[in-house]
Amino acid sequence: MSAAPLYRRIYDVVRRIPRGRVATYGQVAAYAGRCTPRQAGYAMAALRDDDVPWHRVINSRGRISFPENSRGAGQQRLLLEEEGVVFGHDGRIDLKKYGWQET
DNA sequence: ATGTTGACCGACT
DNA sequence: GAGTCGGCCAACA
């Protein structure tokens with residue numbers, strides 16, 4: 001496991017996020033271990049595998065962190081709403097409610 | 001090897 | 001609330 005690239009560990013954590021829940025980059029980094037939130041974001045940027053529910057990863061403010069130029073920006077919100085995640089009037093997600101808990 | 005960058009975070013103004 | 005700054009550390013030129 002530890003021999004696997006850092007990206008692999010991060011993606012593995014993201015796959016564990018249940019449907020209808022969201023996790024922050026810092027959270028993913030913490031579960032992946034020996035990783036900073038920045039690396040989690042960097043890993044997502046290089047992601048091209050649809051097997052990873054990348055749309056369930058958001059920033060600590062509960063907002064979608066994504067360059068608006070990219071086509072995936074609107075898609076992330078769409079996918080989340082499809083899973084039952086409700087956005088606030090300011091395009092925010094209530095982490096208190098939808099945040100991923102280890103359980 | 002050195003320097004820049006980044007789907008971030010937290011603290012501060 | 002919004003804007004700025006430093007820290008973090010792997011990936012890249």
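Model, not experiment: these values are computed from the prediction. In the text below, chain A, chain B and the rest are named by the order of the sequence lines, each starting its count at 1.
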If you check the [X] side chain, which of [options] turns out closest?
| X | options | value |
| --- | --- | --- |
| A/A45 | B/dA7, B/dC9, C/dG1 | B/dA7 |
| A/S60 | B/dG10, B/dG6, C/dC8 | B/dG10 |
| A/Q39 | B/dG6, B/dC9, C/dG1 | B/dG6 |
| A/R38 | C/dA10, B/dG6, B/dA7 | B/dG6 |
| A/Y25 | C/dA11, C/dG1, B/dA7 | B/dA7 |
| A/L6 | C/dA11, B/dC9, B/dA7 | C/dA11 |
| A/Y42 | C/dG1, B/dA7, C/dA11 | C/dA11 |

Please report the distance, rounded to the nearest Å, between [atom1] in [X] and [atom2] in [N].
| X | N | atom1 | atom2 | answer |
| --- | --- | --- | --- | --- |
| A/I10 | C/dC9 | CD1 | P | 14 Å |
| A/Y7 | C/dC9 | OH | C1' | 12 Å |
| A/R61 | C/dT4 | CZ | P | 12 Å |
| A/R34 | C/dC8 | CZ | P | 18 Å |
| A/Q27 | B/dC9 | CD | P | 10 Å |
| A/L47 | B/dA7 | CG | P | 13 Å |

Q: May I ask you to check whether over 12 heavy atoms, not counting those of A/R61, lie within 6.0 Å of atom CZ?
A: no

Q: Decide salt bridge (Lys or Arg N to Asp or Glu O under 4.0 Å) for A/R21 and A/E83; before the verdict, give the C-alpha distance in whole Å, the side-chain angles of both, and the deciding distance to 0.1 Å.
A: CA-CA 8 Å; A/R21 289 285 174 92; A/E83 294 184 351; over 6 Å; no

(Q) For the residue pair A/R77 and A/F87, would you count it as a cation-pi contact if the rule is NZ or CZ under 6.0 angstrom from the ring centre and within 45 degrees of the ring axis? (A) yes

**Q.** Sidechain-backbone polar pair: A/R92 side chain, A/R63 backbone, donor-acceptor under 3.5 Å
**A.** no

(Q) With clusters defined by side-chain heavy atoms of hydrophobic residues (ILVMFWY) lying less than 4.5 Å apart, directly or transitively, does A/V86 cluster with A/L78? (A) no

(Q) Students often get this wrong, so: under 4.0 angstrom with heavy atoms, is A/R56 touching a base, only sugar-phosphate, or nothing? (A) nothing

